[in-house]
Each structure stands twice: as C-alpha cells, then as structure tokens.
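Some notes on the structure that comes next.
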Protein chains: 2
Amino acid sequence: MPTERESGRGRLSREIVLTTALALVDREGLDALSMRKLAGELGVEPMALYHYAENKDALLDGLVELMFDETHQALDAGPEETGVRAEMHRIALAFYRAANTHPQVLPLVVSRLLTVPLVRRPAPVLRLPERVLARLAAEGVDGPSAIRAYRACSAWALGFAIIDLRAVVDAPDETDPGFRLGLHRLRKDYPMLRSLAPVMAEGGGEPEFLAGLDALLDGLGIIDED
Amino acid sequence: MPTERESGRGRLSREIVLTTALALVDREGLDALSMRKLAGELGVEPMALYHYAENKDALLDGLVELMFDETHQALDAGPEETGVRAEMHRIALAFYRAANTHPQVLPLVVSRLLTVPLVRRPAPVLRLPERVLARLAAEGVDGPSAIRAYRACSAWALGFAIIDLRAVVDAPDETDPGFRLGLHRLRKDYPMLRSLAPVMAEGGGEPEFLAGLDALLDGLGIIDED
DNA sequence: CCTGTATAAGTACGTCGTAAATGTACGAGA
DNA sequence: TCTCGTACATTTACGACGTACTTATACAGG
C-alpha cells in the first residue's frame with residue numbers, strides 16, 4: 001500500500017517542487033536544472049510540474065523567492081535591533097548568509113532584477129526593501145536619503161556576496177591539466193595578481209562585509225542618534 | 001560576383017562572431033542567443049561557429065571578455081590620473097559604463113565569477129584587478145589592504161551597476177494588464193515602496209556611484225597623499 | 001597546376017520546454 | 001454508499017536547441 005506521497009493526488013505542492021528544485025540547483029548548478037530532471041527527482045512526469053509553475057521561468061523566479069524567504073525567516077526569528085546601524089547590519093547579514101547558502105541562485109537574482117519590473121516581483125523580494133525603508137523612515141530619514149541608503153546597502157550586499165563567493169572557487173584546489181600553464185601565464189603577465197592570489201583566495205568574510213557596509217552608511221550620514 | 005565577406009574562406013573571425021553575438025544579446029536578451037540564430041545572422045551554417053568558440057559556454061565567456069575589453073579600451077584611451085582616488089574613479093567609471101552599455105551581460109559576469117577559477121579567466125578580466133592592484137601598490141598600499149580595496153571596489157561597481165540598472169526597468173512605462181492590480185497590492189502591502197517608487201525609479205547614476213566608492217575608500221584609508 | 005590545410009556546410013542524434021488531449025483519484029453532496 | 005465534478009497527473013507529440021561526425025570547398029605554398 002503506497003503512502004500518500006507515492007500515489008495519486010497530493011504528491012506535489014508548490015513548496016515541495018520549489019525546495020526540491022533549489023536543492024538540485026545548490027547541488028548540481030543552474031544548468032543541471034531541467035523540468036524533466038526535476039520531475040524525475042520527484043517521481044513524477046514532467047508535465048505535472050506545470051501545475052505549480054506556469055513555465056520554467058516562473059520556476060526560476062520561485063528559486064529567487066525562496067532565497068529571499070530564507071532571509072526573512074532569519075530576520076523574523078530574532079528581535080529587531082534598537083539602533084539603526086545594528087538593524088541594518090542584521091538585515092544585510094541575513095541576506096548575505098542566504099546568498100552564501102545558495103550561490104547558484106545569484107545569477108538568477110541579477111537577471112530578474114534586470115528584467116522583472118518592481119510591481120510584479122514576488123512578495124518576499126519586495127518585503128526586504130519595505131523593511132529597510134520603513135526602519136529608516138522611523139529613524140527620521142527623509143525619502144530620497146532612505147532610497148539612497150537602500151540602494152547603497154543592496155548594491156553592496158549583492159556585489160560583495162558575488163565577489164566574495166568567488167574566493168571559494170579561486171581556492172587552490174585546482175587539479176586540471178591546464179593549471180600549471182595558467183599559473184605560468186599569471187606569473188608572467190599579472191605579477192600583482194600572482195603574488196596576491198593567496199591573500200585573495202581567503203575572501204573577506206562577514207567582518208569585511210560589515211566594514212564596507214559601515215563605510216557606506218557613514219558616507220550617507222546614517223548614524224545612531226544618542 | 002560575391003564579395004569576400006559573402007563567400008568562401010575568411011567570412012568569419014572570432015571578433016566578428018563575438019561582436020555579432022554581443023549585439024544580438026544587447027538587442028534581444030540573453031535567452032534569444034542561440035548558435036543557430038547567431039549563425040543565421042552571420043549568413044552561415046551553425047557548425048561554422050564552432051571554429052571560433054569551442055561550445056556555447058565559451059561563446060558566452062567571450063561576451064564577458066568583450067565587456068571587459070571595452071572597459072580597457074576606455075581606460076587606455078585617456079591618460080592615467082595622478083591621484084589614487086581620481087584613478088580609482090576613472091577605472092570604476094569605465095567599468096560602470098561598460099556594464100551599463102551591456103546590461104544583459106551582467107548575469108553572465110556573475111555566473112562566471114562563481115564558476116570559472118581565476119587562473120583560466122580571459123585576459124581582459126584579469127587585467128582589471130592587475131591594473132588596480134598595481135596602482136595601489138605604487139601608492140605604497142600593502143598587499144592585504146590592496147586586496148581589500150580591490151574587493152570593495154569591484155563589489156561596489158558590480159552591485160551598483162546591477163541595482164541601478166534596475167531603475168530603467170522599474171520606470172513607469174508599464175502598460176501590462178496586471179499592472180493596476182500590482183500597483184494596488186503595492187499600495188496596500190508595501191506603503192513605503194509605493195510612496196518612494198518614483199524616487200527609486202530615477203536611479204542614482206554616476207554621482208551616487210562615485211559617492212559610494214568614495215565612502216568605501218575613505219573607510220579603507222585610501223586617501224591621496226599631499 | 002597541384003595539393004594540403006583551414007574553413008564552411010551537411011547530416012543526424014539526443015535533450016530540452018511545453019501545448020494539447022487523456023486518464024485518474026479524491027471529497028462533497030445525494 | 002454511491003456518484004460525479006474537479007483537481008491533479010500522464011501521455012503523446014512537436015519544434016528548437018547544442019553539437020558530434022562527416023563531407024565539401026577554396027585558398028596558399030610548392
């Protein structure tokens with residue numbers, strides 16, 4: 001006798017489909033995600049997925065949504081900080097960690113930002129700027145300044161997540177045949193890069209992330225009042 | 001009698017293939033780029049392209065390469081600035097402008113950064129950090145500090161380019177049927193976003209980009225000596 | 001003029017996203 | 001308890017894609 005998950009109705013749900021897709025992407029990369037493969041992983045025929053995502057693009061949107069959801073879950077789990085600065089740290093860190101957990105999703109975030117108009121973005125994606133702007137407004141920051149601050153923080157968080165993740169990939173676990181050739185080219189044509197590559201491979205991590213964020217907030221005059 | 005470009009040998013070259021591909025992507029978006037379509041645009045059979053790009057991924061790498069090349073061309077066209085700060089502005093701006101010229105390539109940049117190990121990145125991609133690091137070293141900045149500065153500048157340039165380009169897409173040229181519905185949702189659930197959307201749609205542009213860059217450099221203590 | 005080599009074209013295969021039609025199991029009302 | 005509408009899953013099929021493998025062509029050097 002088959003369990004509920006194994007036969008008939010109710011085997012799938014939007015959440016199951018999306019989380020399985022996200023796991024697949026985290027594990028094997030974006031290119032490995034196909035409707036057929038995902039269906040196979042769920043023990044289902046490909047077309048069944050189209051009840052939960054209008055098409056593949058919508059499914060990819062769902063992955064972005066999931067990453068932002070994770071950010072909000074982390075934020076909702078703890079209490080809001082009292083200082084603006086501390087709260088901005090908390091929000092940015094939540095996003096940064098979600099991004100680090102699902103690096104493969106970042107290219108999707110980028111292409112969606114460039115493509116999907118604000119008005120029809122998924123709720124969790126909109127909720128993040130709303131959260132930031134509301135907090136800044138509560139602190140007495142005027143509209144244009146708040147927008148500038150939000151823009152700076154999101155640009156920094158996204159950019160730093162991308163750049164710093166690179167460090168993982170640059171780590172010297174390189175065993176490919178073309179490696180030594182590449183190293184030689186590096187030594188010859190890019191001496192600075194060559195000598196600093198080990199430092200670069202370490203990555204900045206959260207301290208450097210927060211330091212940059214603080215520098216930006218300083219520049220914008222977003223400072224705790226006391 | 002057919003011209004040289006129209007028959008026989010020498011119709012194609014890596015440069016022709018790549019620039020045509022880039023034009024196609026700029027015009028119709030990443031998804032519209034297929035080997036077959038590109039070949040059609042070049043008046044050639046699809047397989048001919050494989051003499052200039054090992055496969056489609058390599059062709060996409062070529063697009064990133066082209067964007068960085070454009071950055072270097074802009075930089076090589078003018079004289080180096082004497083102050084570090086001014087030179088960092090010049091370099092970052094060159095990149096920012098190239099990114100704005102080819103927004104569709106940004107998702108590719110991101111996925112390559114996350115995927116391709118440093119050692120085998122295209123020359124123009126390596127040349128940019130080399131340029132920055134060399135300049136900082138010349139100014140007496142030590143290795144780890146230079147890396148931090150480079151990381152901050154590249155994260156900011158990439159992130160701000162992505163975030164600020166979004167403004168274009170968010171502009172209120174929305175004529176879709178679902179628009180008013182979306183607007184209503186916005187008003188109800190995201191009041192801050194709703195009221196600040198017009199400000200947001202304007203984008204920060206180059207002044208805001210440079211202001212953020214300065215804030216980061218200030219935070220790192222990268223200051224002209226005089 | 002001939003020939004080798006660089007380049008383009010042709011053919012073919014497996015995979016992809018997904019439209020359309022068909023089948024199936026559950027839950028509510030008789 | 002039965003039945004039937006509806007929500008869900010499957011089947012089948014198509015065109016487009018990336019690209020391996022094979023064949024044709026045109027130029028350059030001997």
Original post:
Would you say A:Leu165 and B:Leu113 make side-chain contact, with heavy atoms under 4.5 Å?
Top reply: no
Contacts under 3.5 Å, N or O only, protein and nucleotides 11-15 of chain D:
none

**OP:** Would you tell me if any nitrogen or oxygen in the side chain of B:Tyr52 comes within less than 4.0 Å of OP1 or OP2 on C:dA8?
**Re:** yes
Original post:
Stepwise, does the side-chain contact (heavy atoms from CB on, under 4.5 Å) test hold for B:Met67 with B:Thr101?
Top reply: CA-CA 9 Å; B:Met67 201 200 91; B:Thr101 309; over 6 Å; no
Original post:
Quick one: salt bridge (charged side-chain N to carboxylate O under 4.0 Å, His left out) partners of A:Glu45, sequence neighbours excluded?
Top reply: none
Subject >> Distance, rounded to the nearest Å, where B:Leu33 contributes CG and D:dA16 contributes P >> reply: 17 Å
**OP:** Mind calculating the distance between CG (B:Asp31) and P (C:dG17) to the nearest angstrom?
**Re:** 12 Å
**OP:** Mind calculating the distance between CG (B:Leu49) and C1' (C:dG10) to the nearest angstrom?
**Re:** 15 Å
Subject >> Quiz item: A:His51 side-chain donor-acceptor pair to D:dA7 base, under 3.5 Å >> reply: no
Ignoring hydrogens and angles, write down the donor-acceptor pairs under 3.5 Å from the side chains of residues 22-40 of chain B, residues two or more places apart or on other chains.
from    : atom 1 : to       : atom 2 : distance (Å)
B:Asp26 : OD1    : B:His102 : ND1    : 3.2
B:Asp26 : OD2    : B:His102 : ND1    : 2.6
B:Arg27 : NH2    : B:Glu41  : OE2    : 2.7
B:Glu28 : OE1    : B:Lys37  : NZ     : 2.9
B:Ser34 : OG     : B:Lys37  : N      : 3.0

Subject >> Value in whole Å for how far the P atom of D:dA16 lies from NZ of B:Lys37 >> reply: 12 Å
Original post:
Given A:Trp156 and B:Leu216, is the side-chain contact (heavy atoms from CB on, under 4.5 Å) satisfied, shown in steps?
Top reply: CA-CA 10 Å; A:Trp156 175 250; B:Leu216 286 166; 3.9 Å; yes
Distance-only donor-acceptor hits, side chain of residues 57-66 of chain A, under 3.5 Å, sequence neighbours excluded:
from    : atom 1 : to       : atom 2 : distance (Å)
A:Asp61 : OD1    : A:Arg112 : NH1    : 2.9
A:Glu65 : OE1    : A:Arg14  : NH2    : 2.7
A:Glu65 : OE2    : A:Arg14  : NH2    : 3.4

Original post:
In whole angstrom, what separates A:Tyr50's OH from C:dA21's P?
Top reply: 17 Å
Original post:
What is the minimum heavy-atom distance between B:Ala146 and B:Leu136, and which atoms define it?
Top reply: O-CD1, 3.8 Å
Original post:
For DNA chain C, which residues in residues 54-61 of chain A have a heavy atom at a distance below 4.0 Å?
Top reply: A:Asn55, A:Lys56
Output a table of donor-acceptor pairs, distance under 3.5 Å, between side-chain atoms of residues 87-99 of chain B and any protein atom two or more places apart or on a different chain; print 'none' if there are none.
from    : atom 1 : to       : atom 2 : distance (Å)
B:Glu87 : OE1    : B:Glu81  : N      : 2.9
B:Glu87 : OE1    : B:Arg90  : NE     : 2.9
B:Glu87 : OE2    : B:Arg90  : NH2    : 3.3
B:His89 : NE2    : B:Asp214 : OD1    : 2.7
B:His89 : NE2    : B:Asp214 : OD2    : 3.3
B:Arg90 : NH1    : B:Leu75  : O      : 3.0
B:Tyr96 : OH     : B:Asp164 : OD2    : 3.0
B:Arg97 : NE     : B:Glu206 : OE2    : 2.7
B:Arg97 : NH2    : B:Glu206 : OE1    : 2.8
B:Arg97 : NH2    : B:Glu206 : OE2    : 3.4

